[in-house]
A.B. asks: 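One structure coming up, written as structure tokens, with questions to follow.
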Amino acid sequence: MNQYKEMVAVAIAAHVPEIDMRDISTMIETPPEAHMGDYAFPCFRLAKTMRKSPQLIAEDLSNKITYPDIFEKCMNEGAYVNFFFNRKKLAEEMIDQVLAEKEFFGSSKEGNGKIICIDYSAPNIAKPFHVGHLRSTVIGNALYKIYSHLGYTCIGINHLGDWGTQFGKVIVAYRNWGDAKAIEKEPIQSLLDLYVKFHEEAEDNPVLEDEAREWFTKMEKGDEEALSLWKWFSTETIKELEKIYALLGVKFDYYTGESFYNDKMEPVLRDLADKNLLTESQGATMIDLEAYGMPPCLVQKSDGSTLYATRDITAAIYRKNTYDFFKCLYLTDYSQKLHFAQWFKVIELMGFEWHLDLLHLPFGRVTHEGRRIQTRKGTVVLLDEVLNGAIDRVKEIIEEKNPNLENKLETAVAVGVGAVVFNDLSNNRIKDISFSWETAFSFEGETGPYVQYTHARACSVLRKASEAAIGQSNHLDGQFLTDDISYEVIRQIEQFGDSIVDAKNKNEPSILTRHIIDLAQAFNRFYHDHPVLNAEPKQRNARLALVAAVKETLSTGLSLLGIQAPEKM
RNA sequence: GCGGCAUUAGCUCAAUCGGAUAGAGUACCUGACUUCGAAUCAGUUGGUUGCAGGUUCGAGUCCUGCAUGCCGCGCCA
């Protein structure tokens, strides 16, 4: 917990013995408006036990309380006890801290020794990577960085959809209508064409579906032809996927897709049988979950081949045994909620205590022009097109605004991709996103480029200050940063660490995204109203130090979201 | 049919375990570049928080019912 909040809680606890210290900590709030102070303690809940009006309690407390000198005063307003920072001291403390800790600002050791497995992205082999797949990838990537910042050891796993009946379909299609050269040239597109063709043909000829299931069964049994085709399809697809991940700057520790567990499922099925959890129904094998209000969880089809849930259960057990994770996070859209609830329950029924450490983090779906994005229909928006479109648009803007920029292409990639990623990370996970080209290509207001621009602007001031090379004392006098506008920037920096912890607690990167927007807004206001380079020497020093602290904080924040922070753009 | 999620300004979204006057961006209109980067800043306009009840000091937030939308419900993943 935030050290200042802790101080407030301690100060209050000294006078409110009837409430536990930990409860007091959780009651401390940040007031909605700056004039109400920096931290507040609401007294409503004390009214009953203390048999006094909340206003009186607040008044009484504010008169009695003693607090450390980082605070300047505490006074009640209505039923709240409001604490005000000593602005000069806080400015000096925060800036010193940011400049000393640099990219480690806001980090902590709370997660030391704890392992977090994060299962994200997980696209299907042989299908195009569209804007709908972006969310899992960027949310997972941001959580990876946020947890790491807080001391956890993260293991990023790309649980590729590289196994299952769909491969039987592609194999059947390839054997009937495929062209090897086309696949080498444009793997994802050609494989998709085959997949689409399969479904068209299967409508008139349902026998194809049976053939597809047979081929998948052959894969599971180790048939050489089936496996060599599968291997080829998946290698070609991964090559394409890696280009996109490179553009996004996303990395994984392991590409262990579903196929990785092919030889690990049998012992799990045996264990399930030993624990008397399996029932047979119409030839298939399943775990009955009626007692828990859920439909059964199928683990084996009537032909003996396995299903998605079988592989997920096996993967979870493998990960627990291999990494001994503290938590294992799964990033998928909410249409899979029941699936996860079912197999989490199976893990529990198997007697594994750690079922509580499995966390499905569902997110909303992406639609385009009111329709869901479907690979088989014509409604697909390819991520590749979106990213490159954004990059091209940024190139145009650079030509217009900053034609002499060096590294134009590199910068356009950082900003264009940053815009798309930032946009995806700025809404609550659970909300559906309506994709629009207009929003994806907007770079003003609450956008990634706005924050990047603010950062570049700060860099520019610092560059000029150093070019001017005026030899002044580095002593920072916080007195020059106590006006409302400067102070608001300090306040945002002070809350940076809290927003990271909050984002982690709720597994919600948008909390951090919104916070760095607030910081950038506060800084732009400061920048506009307060000249830095031409200020009086002492004031100049103080303002430059603030600019440096903001630059550092923004760049750290963006990096935790997986977004680059170019020094010029 | 059963279950889950969502609904806040014209649009896209915030709102700290229930807390202070529901806030931003965008769009529209107005103003600020010979001055540290105008991808910026300032201002104006914009609300019966889907509807009806309930719980209490206090409800966008919790409960009940209803409406609308999305998602899911045995051999896909």
Side-chain angles (χ1 to χ4, degrees), chain A residues 26-33 36 40 42 44-45 47-48 53-54 77-80 82 122 124 161 163-166 169 213 258 281-286 293-303 305-309 311-312 332-339 341-342 362 364-365 367 372 394 397-398 400-402 415 419 423 426-428 430-434 436 438-439 442-447 449-454 456-465 468 495 498-499 502 510-511 514 517-518 521 524-525 527-535 543-544 547 568-569:
Chain A
T26 62
M27 287 166 76
I28 310 289
E29 307 169 357
T30 304
E33 301 206 27
M36 297 166 173
F44 303 99
R45 265 178 256 175
K48 263 183 194 160
S53 82
E77 191 173 328
Y80 291 86
N82 292 332
N124 289 324
W163 204 247
T165 310
Q166 73 212 27
K169 294 178 182 177
R213 278 191 282 270
E258 295 184 53
S281 167
Q282 298 161 28
T285 311
M286 58 179 224
M294 288 187 279
C297 179
L298 264 78
V299 291
Q300 247 180 332
K301 295 192 267 193
S302 43
D303 67 359
S305 61
T306 63
L307 288 145
Y308 187 40
R311 296 187 280 278
D312 267 344
T332 80
D333 77 65
Y334 57 59
S335 69
Q336 298 193 32
K337 271 179 89 165
L338 177 60
H339 163 73
Q342 284 177 302
R365 296 159 62 91
T367 56
R372 53 183 289 195
V394 172
I397 296 175
I398 290 175
E400 182 190 319
K401 296 181 189 281
N402 199 357
V415 176
N423 178 244
S426 46
N427 295 349
N428 280 344
I430 202 67
K431 296 282 180 84
D432 285 335
I433 288 187
S434 168
S436 91
E438 201 185 329
T439 310
S442 75
F443 308 126
E444 289 168 18
E446 295 172 336
T447 65
Y450 172 84
V451 178
Q452 288 171 318
Y453 175 79
T454 310
R457 197 181 215 190
C459 289
S460 169
V461 175
L462 295 170
R463 230 172 8 245
K464 294 208 163 121
Q495 286 172 5
D498 281 1
S499 81
D502 205 16
S510 67
I511 292 171
R514 307 208 80 88
I517 290 174
D518 291 343
Q521 283 175 338
N524 280 322
R525 224 166 287 139
Y527 178 90
H528 187 262
D529 285 4
H530 296 327
V532 177
L533 297 175
N534 297 326
R543 288 180 177 169
L544 270 175
V547 173
K568 295 179 183 174
M569 61 187 268

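Each chain gets a letter, A, B and so on, in the order the sequences are listed, and its residues count up from 1.
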A.B. asks: Is Gln452(A) touching bases, backbone alone, or none of the nucleic acid, heavy atoms closer than 4.0 Å?
C.D. replies: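 The answer is nothing, as Gln452(A) stays clear of every strand by at least 4.0 Å.
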A.B. asks: Categorize Asp502(A) for me: base, sugar-phosphate, or nothing, with a 4.0 angstrom heavy-atom threshold over every strand shown.
C.D. replies: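 No contact at all - Asp502(A) keeps every heavy atom at 4.0 Å or more from the nucleic acid.
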A.B. asks: Using a 4.0 Å heavy-atom cut-off, does Ala456(A) contact any base of the nucleic acid, only the sugar-phosphate backbone, or nothing at all?
C.D. replies: base
A.B. asks: I want to check one thing: is the phosphate of C76(B), taken as OP1 and OP2, less than 4.0 Å away from some side-chain N or O of Thr165(A)?
C.D. replies: yes
A.B. asks: Kindly point out which of G74(B), G25(B), G72(B) is positioned nearest to the side chain of Leu338(A)?
C.D. replies: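 Closest of the options to the side chain of Leu338(A): G72(B).
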A.B. asks: Go ahead and name the base partner of G1(B); Watson-Crick or wobble counts if both distances stay under 3.5 Å, otherwise write none.
C.D. replies: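 Pairing partner: C73(B).
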A.B. asks: From the set C41(B), A38(B), A39(B), return the single nucleotide nearest to any side-chain atom of Met569(A).
C.D. replies: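 Nearest nucleotide to the side chain: A39(B).
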A.B. asks: Can you tell which of G74(B), A77(B), A39(B) lies closest to the side chain of Pro296(A)?
C.D. replies: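 Looking only at heavy atoms from C-beta outward on Pro296(A), the closest nucleotide is G74(B).
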A.B. asks: Of the nucleotides A24(B), A39(B), A77(B), which one has an atom closest to the side chain of His339(A)?
C.D. replies: A77(B)
A.B. asks: Just to be sure I understand the rule, does Gly164(A) reach a base, reach only the sugar-phosphate, or reach nothing, if contact means heavy atoms closer than 4.0 Å?
C.D. replies: sugar-phosphate
A.B. asks: Distance check: side-chain N/O of Arg525(A) vs OP1/OP2 of A42(B), anything under 4.0 Å?
C.D. replies: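 Answer yes for this pair, as a side-chain N or O of Arg525(A) is under 4.0 Å from OP1 or OP2.
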A.B. asks: Out of C76(B), C13(B), C36(B), which nucleotide sits closest to the side chain of Asn427(A)?
C.D. replies: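 Comparing C76(B), C13(B), C36(B) against the side chain of Asn427(A), the answer is C13(B).
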A.B. asks: Look through every strand shown and name the nucleotide pairing with U7(B) as Watson-Crick or G-U wobble, where both distances are under 3.5 Å.
C.D. replies: A67(B)
A.B. asks: If you check every side-chain atom of Tyr453(A), which of C13(B), C5(B), A38(B) has the closest atom?
C.D. replies: A38(B)
A.B. asks: Quick check for you: among G37(B), G25(B), A20(B), whose closest atom lies nearest to any side-chain atom of Ala40(A)?
C.D. replies: A20(B)
A.B. asks: Touch check for Val461(A), heavy atoms < 4.0 angstrom, all strands: base, sugar-phosphate only, or nothing?
C.D. replies: sugar-phosphate
